[in-house]
Amino acid sequence: MRAFLFAPESPRIAALMRIALGGILLWDALHQWRYAVELYSSFGPAMPVFPGTWLSPPVPNAAGAVVLHSVLLFSLAAATSGWRTRTSLIVAFVADAWTGLLDAPGTFAKDSVVGLHLLFLLAFSRCGEIWSVDGRREHGSGLACPLQAVWPRRLMQLLVCSIYLGAAVTKLKSPQFVNGDILTFSLLDGDWGGGWFGQWLTTLPHMPMILSLLSLTIELLFPFLIWNSRFRRVLLLTATLMHVGMAVALHLGTFSPLMLTALLAFVTEADLAAICRGYLRREEQVLQEYSAADSAESTPVAASRSCSVVRSLVAYVLCGSAVVAGSFAIQQQADWYGAFGKRKFEAPPAVDDELYADIAAAHQPAIEDYIHRIDVAHRVGGNQAFGNARRFRTGERLYVLIQMIQPHPSIHLEGLLIAPDGREAARFTHKLAEGFAYAVDGIEFTNELPTGDYRLIIQADGYEVAQRRFELLP
Amino acid sequence: MSRARIDNSFGSRMRRTGAILIVLCYTAATVWCFGLHFLGDPGVHPTGYFFVWDMFPFYSTDSFRVEIIGRTRSSKVVRLHPGPTQQYRRGVRGDMTRLDLERSRWHLRKVAESLADRADASAPHDPVQKVEIVERYWVPKFNYFDDLYEAEYGEPRRPREYWRPRESFERTGGAGP
């Protein structure tokens, strides 16, 4: 156990994670900067995640929100470049948690929690010793560095495993996830849903269910098999593909990039060497020479070291202050929200009478809007339809699978089979109570029915909602 | 072959003890919260949110946009939201305000009051006396892109939107902020 947690290792993986994490959070924070007054100030007003608890931090005024957010920007930039890394990571953690907890709708979500965990754990590593400003200052070339204990990376591995296992437990408890419904409607969601590609996936038969089961399988296997060296690379690759797929198909913000960063915790030096062999070989030599020696031998003498630390600290504070001041000056000058008294907004516009009458009427949706999808099939299993719906044979049964949106009122469904000569050949009726997501019914093609082109008219509460055409063969 | 020297100084021992404590606390929090989540216990403390990974717990089958309407003293009906002080946008089509994103709807009233205060400040002679929070909503199939909708439903996409009331309240003061 001691070796598992405290074995020395190169901080290169942690440094990679620091650069990736800092870059992702910085990119996200830059995107929010323009809206700092709206998102994080009492002017917005702020929408705390946990109102009335100790996890509801003080809400700053407009100027305070801009300053707070600018501190976050600077600390993230400094952490990414590895300048006073530990301080920057701690400041970034505090500022990120503070702003996140003030903005439930725009900023705070599970992805920001993953980011906070990684910031917290990286602060205990020596991720700033290499590929960083600190590394260059301390060790000259910026290549050699002291080793670190492995435990911060172990906790990041625990984090990744708990994320997958927790997500798998949630999904296992939701039958709607296993049958693909949650993925379907998530891909159609206006907030985190898919673009064209993601929406297209929902139109492919069985695809949402297949993708749901695949992700569940990966999340269940990963925490147990990742520790086995035979499966490690395969699982890493699979999880990477899953997150890249999620990033392409859904709008999940920073979730996929952050999870890819967290997965780096399972990457080893050997993997790194395999990826960038030439660069690391040169670095390995320098690193080995340095690691063999006592770190004290390589560090500058105490006096010049403390002088360098003070210089760096002063430069850090000055640079941070300049960033905050510059950011504040721009926001105050632009005053996009009128919070600094430089802009006044007109009185709100009047609402058109016709529109207001429409709003007041609060009409119920048309009956066909409660129906999401209709499948005609040879076989139905669960919520999946199978078989060629264009051709049937005498003696076979036609199934109709109707998917409803929730909630819906009690609906009377009917299916009218129209024969080639235009007469009604058969019908089914189905009373669907509230709360049911699917209706399954059907018609049997008896020997009396002539062959030819048929139509099936589907009605809901007496209104036609769909038609399907197919051929009946002998 | 040289063996690594073990640093047994006080500082080093303190660092090791601190590391062990952090590992224990972090692991305990993770395991405890996972246990609660596994059993379905939502937990009583908000810190649990930081250790529970319940992604994709539910789905929504409607899409909506929040609109806030004010009736002024002179019976004029004005739109308070979306307005110029709600500029943040997100979502697949980049048209969702913070109130559209906030599905818990905890903050609806607070934002509505704040917007009514701002409207009063811009027109102090005609303050807002009644606020109505309504939702414009539609079913998810209308979120499909036009070509996908047509391929899926066999007709051009012509979204139907509806309105539903969410909350309304009277304002007695009508004073500016």
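These figures come from a predicted structure and were not determined experimentally. Just so we're on the same page: letters track the sequence lines, and every chain starts at 1.
- Checked against side chain to side chain donor-acceptor pair (under 3.5 Å), A/Arg153 has the following partners two or more places apart in sequence or in another chain: A/Glu9.
- Neither the backbone nor the side chain of A/Leu252 has a heavy atom closer than 4.5 Å to any heavy atom of chain B.
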Stepwise, does the side chain to side chain contact (heavy atoms under 4.5 Å, CB included) test hold for A/Ile359 with B/Glu67? CA-CA 10 Å; A/Ile359 292 171; B/Glu67 305 236 355; 5.7 Å; no

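- With respect to B/Arg103 and A/Asp189, a salt bridge is recorded, a charged nitrogen being found less than 4.0 Å from a carboxylate O.
- A donor and an acceptor atom, one from each side chain of A/Tyr356 and B/Glu132, are located under 3.5 Å apart.
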Side-chain donor/acceptor pairs under 3.5 Å, residues 346-355 of chain A, sequence neighbours excluded:
none

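- Panel note: side chain A/Asp369, backbone B/Val139; no donor-acceptor pair is recorded below 3.5 Å.
- Heavy atoms closer than 4.5 Å to chain B are found in the side chain of A/Trp54, but not in its backbone.
- Contact count versus chain A (heavy atoms, under 4.5 Å) is highest, among B/Glu155, B/Glu102, B/Lys76, B/Lys141, for B/Lys141.
- The parts of A/Leu39 that come within reach of chain B are both its backbone and its side chain, each placing non-hydrogen atoms under 4.5 angstrom from that chain.
- Counting heavy-atom neighbours within 6.0 Å of A/Trp196 CH2, excluding the residue itself, gives a total above 12.
- Looking at A/Pro8, neither its backbone nor its side chain comes within 4.5 Å of chain B, counting heavy atoms on both sides.
- The interface of residues 159-168 of chain B with chain A, defined by heavy-atom distances below 4.5 Å, comprises B/Arg160, B/Tyr162, B/Trp163, B/Pro165.
- Among B/Ala123, B/Ala19, B/Ser114, B/Gly18, the residue making the largest number of heavy-atom pairs under 4.5 Å with chain A is B/Ala19.
- A/Tyr35 contributes atom OH, which lies 8.5 Å from atom CZ of B/Arg89 (distance to the nearest 0.5 angstrom).
- Cation-pi check for A/Lys110 over B/Phe50 is not met; the charged atom does not lie both under 6.0 angstrom from the ring centroid and within 45 degrees of its normal.
- Residues satisfying the side chain to side chain donor-acceptor pair (under 3.5 Å) test with B/Thr47, not counting sequence neighbours, are B/His45.
- The candidate from B/Arg136, B/Arg71, B/Arg93 with the greatest count of non-hydrogen atom pairs under 4.5 Å with chain A is B/Arg71.
- If you look at B/Tyr88 and A/Tyr337, their ring centroids are not closer than 6.0 Å.
- Looking at A/Leu172, neither its backbone nor its side chain comes within 4.5 Å of chain B, counting heavy atoms on both sides.
- Residue A/Trp200 touches chain B through both its backbone and its side chain, counting heavy-atom pairs closer than 4.5 Å.
- Residue contact with chain B, scored on non-hydrogen atoms closer than 4.5 Å, involves the backbone of A/Val49 exclusively.
- Side-chain contact annotation: B/His37 with A/Thr170, donor-acceptor N/O pair under 3.5 Å present.
- Annotation: B/Phe51 is in aromatic contact with A/His117 [ring centroid separation under 6.0 Å].
- At a 4.5 Å heavy-atom cutoff, A/Tyr164 makes no contact with chain B through either its backbone or its side chain.
- A/Glu368 touches chain B through backbone and side chain together, each having a heavy atom under 4.5 Å away.
- The environment of B/Phe10 atom CZ is sparse: at most 12 non-hydrogen atoms of other residues, nucleotides or ligands sit within 6.0 angstrom.
- Side-chain atoms of A/Thr202 and B/Tyr144 form a donor-acceptor pair, as typed in the model, at a separation below 3.5 Å.
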